[in-house]
Number of protein chains: 2
Amino acid sequence: MARSDTRFRAAYNQVLDYCEGHPKGAHIPSEARLCEIAGVSRTVIRRCLSRLEEAGIISWDGRDKRILRTPVAEDRIDQPETSGGAEDLEERFLDWVLRFDVPAGTTLSVAELSRTFSVPQHELKEFLAGLSRFGLVSRRPQGGWILLGFTKDFAVELSDFRSVLELHAVAQVAEAPVDHPVWSKLAELRDRHLDLKARIDSDYHAFSKLDESFHQAINSVVKNRFVAEFQKVISLIFHYHFMWDKTEEKTRNAAAIDEHLAIIDALEARDAHAAQEAARRHLRTSKTTLLSSLRHHDLG
Amino acid sequence: MARSDTRFRAAYNQVLDYCEGHPKGAHIPSEARLCEIAGVSRTVIRRCLSRLEEAGIISWDGRDKRILRTPVAEDRIDQPETSGGAEDLEERFLDWVLRFDVPAGTTLSVAELSRTFSVPQHELKEFLAGLSRFGLVSRRPQGGWILLGFTKDFAVELSDFRSVLELHAVAQVAEAPVDHPVWSKLAELRDRHLDLKARIDSDYHAFSKLDESFHQAINSVVKNRFVAEFQKVISLIFHYHFMWDKTEEKTRNAAAIDEHLAIIDALEARDAHAAQEAARRHLRTSKTTLLSSLRHHDLG
DNA sequence: GATACAGTTCTTAATTATAAAATGCACATC
DNA sequence: GATGTGCATTTTATAATTAAGAACTGTATC
């Protein structure tokens, strides 16, 4: 019914650390200084101090704070294990949607999602509110949320939008100065592509990661928070879709490697026009693949 | 401490409407049908029915529901005035930020914003979560939110991103079929531009609206939810910034009119390349204006 | 008298309890 | 067996609650 005292617990233990590091009888620094040490507000520090006084570890009378005894293991208060799940919630959510092939129009229950992802409800609400900006989900009039994404329209629009961003990125790369880190990165990527191409028959699964690295490298040239934010979502969606769609994966990946190499060739030749054309070709293939993977899902 | 009974109140009055539209003694349709009429769940409908029975307006025994008397004005329960503020929250928020020139780095208090905009706190939290996807705000480690936007970097990145989207849109327009509505829209816009140009000395303020219409028309050709979502934010920011920045407004707007006309000319001539160039020129001007308006704010 | 500190008070934000609404299932009726 | 109701469970929106933050005030110390 109230917020958790995680900060207090962490701060208390940190102050214990301080006490352990100093001799019995030593003076303890000012409240403000302890705040800096623990990275919390004075309110929390004062709560720590009164608890330490209660426990007989320190004496506290105004400015006069001294260590009475060295704290032992039992003095520590245990932290409630940090769920930590909230961090990659986006990744886990998209993974869940695509893995279980959750159809468009499904109502999403915050309570249920909260359990499956072990994330507090209000964090999930915020997350969904964020996704709604991307048109992936939207609010229902009766309350709750509904999954909109992963229809054909969505895939088409996503692909088109991706193309716009990526073609722009390619144009930027072509104009990048010779000492730009992207060039060494591209050289490295060329090697990795050629390497994988040689052993494509057995290792075609490894392409997914390579694909991500490649597009990441191209887009890293564009320093733009809006592009970056979108790119995160876009790459996740494409990445997972291609991972689950197993039809003709080997041929598909082999073809994609050649398309990537064509882009790298054109870029290294500083032929902006050819690079644009090669990228356009590759993006067209990606779009087709994404659409056909949707079709397969629909049937199954 | 519980959710509001707004839905019940609205549904109750709607059922009253139904009763008024039917004669005394008439049978009332099934609960499920009433749900459809009122757009609520059966729980709410059943609550309405028991209340109607209590009020002696209907008789209710299982399936047998009949109208006993025609409801009067006093039977209605009054709706708590729909705050309605939650709808254009985005517009009002950006307006507030730009009007009061809230500097980047300001901590945003949900409680305070909730009061100034008279919107429940949780809605504001969702709204801010959405904005964080656009990099306008972000969470603070100590809790709460911080306004990131409207630094020089932000303006540059926003302008660049806008350029990418808008140049794409222009390319689309150039390829639009002859019977596409955009052409008549552009013809109309040309007239409005010429009209305003003739009386620019006195009416230069009117340009802001015309500018919005023009860009809206261009972008309407791109049917893409991602573009649309961004365009909303982008146009709001540019719109407001230009509105508050009064330096050389007349000259600036006169120049912009000519730039717009150049774009229209090129498009109507179906000269895609010239249109791109004209648009590029215009976007460059806009970017400069946005940046200089920021500089003025910094000084004053 | 300036500064650093503690005491106090007020505000805000995260979290949970709770009523309202929605949903699901079993049974009844036509 | 299609349609409708009764009852129980689940879920959501919202306010109450408490931890944490922040500001203001008084006071000791140099």
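By convention in this document, chain letters (A, B, ...) are assigned in the order of the sequence lines, proteins followed by strands, and residues within each chain are numbered from 1. Model, not experiment: these values are computed from the prediction.
- Applying the 4.0 Å criterion to OP1 and OP2 of dA13(D), one finds that His122(B) has every side-chain N and O outside that range.
- The minimum heavy-atom distance between His22(B) and Ile67(B), with the atom names listed, is CB-CD1, 3.8 Å.
- Looking at the side chain of Ser109(A), the nearest of the listed nucleotides dA20(C), dT18(D), dT12(D) is dT12(D).
- Residue Arg9(B) is out of contact with every strand shown, counting any heavy-atom pair closer than 4.0 Å.
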*How far apart are the C-alpha atoms of Phe154(B) and Phe226(A), what are their side-chain angles, what is the distance that settles it, and do they pass the ring-ring contact (aromatic ring centres under 6.0 Å, His included) test?*
CA-CA 10 Å; Phe154(B) 181 85; Phe226(A) 307 106; 5.6 Å; yes
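- Contact annotation: side chain of Arg3(A) to base of dT18(D), donor-acceptor pair absent below 3.5 Å.
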*Evaluate the criterion salt bridge (Lys or Arg N to Asp or Glu O under 4.0 Å) for residue pair Asp78(A) and Arg76(A); output intermediate values, then yes/no.*
CA-CA 6 Å; Asp78(A) 36 313; Arg76(A) 302 194 160 263; over 6 Å; no
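- Comparing atom distances between the Arg47(B) side chain and each of dA20(C), dT15(C), dG21(D) picks out dA20(C) as nearest.
- In the set dT15(C), dG21(D), dT18(C), the nucleotide with an atom closest to the side chain of Ala2(B) is dT18(C).
- Partners of Asn224(B) according to the side chain to side chain donor-acceptor pair (under 3.5 Å) rule, which considers only residues two or more places apart in sequence or in another chain, do not exist here.
- Look at Ser4(B) and you won't find any side-chain N or O under 4.0 angstrom from OP1 or OP2 of dA13(D).
- If you check every strand for non-hydrogen atoms under 4.0 Å, Thr43(A) touches a base.
- When the side chain to side chain contact (heavy atoms under 4.5 Å, CB included) test is applied to Arg47(B), the partners found at least two apart in sequence or on another chain are Asp5(B), Phe8(B).
- Within residues 135-142 of chain B, the residues having any heavy atom closer than 4.0 Å to DNA chain D are, in order of number, Arg140(B).
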Every protein N/O lying under 3.5 Å from an N/O of nucleotides 3-5 of chain D:
| residue | atom | partner | partner atom | Å |
| --- | --- | --- | --- | --- |
| dG4(D) | N3 | Arg63(B) | NH2 | 3.3 |
| dT5(D) | OP1 | Lys65(B) | NZ | 2.5 |
| dT5(D) | OP2 | Glu31(B) | N | 2.9 |

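- Note that the CZ atom of Phe230(B) and the OG atom of Ser235(B) stand 12.5 Å from one another [nearest 0.5 Å].
- Both Glu112(B) and Phe8(B) lie near DNA chain C, and the one whose nearest nucleotide falls closer to the 5' end is Glu112(B).
- Interatomic distance, CZ of Phe161(B) versus CZ of Phe134(B), reported as 9.0 Å (0.5 Å rounding).
- Atoms CD (Gln121(B)) and P (dT17(D)) sit 15 Å apart, rounded to a whole Å.
- Below the 3.5 angstrom threshold, one finds no donor paired with an acceptor across the side chain of Ser41(A) and the base of dA22(D).
- Arg46(A) is linked by a salt bridge (charged side-chain N to carboxylate O under 4.0 Å, His left out) to Glu31(A), counting only residues two or more places apart in sequence or in another chain.
- Note on Leu34(A): nothing from the nucleic acid sits closer than 4.0 angstrom, heavy atoms only.
- Residues meeting the salt bridge (charged side-chain N to carboxylate O under 4.0 Å, His left out) test with Lys125(A), sequence neighbours left out: Glu126(B).
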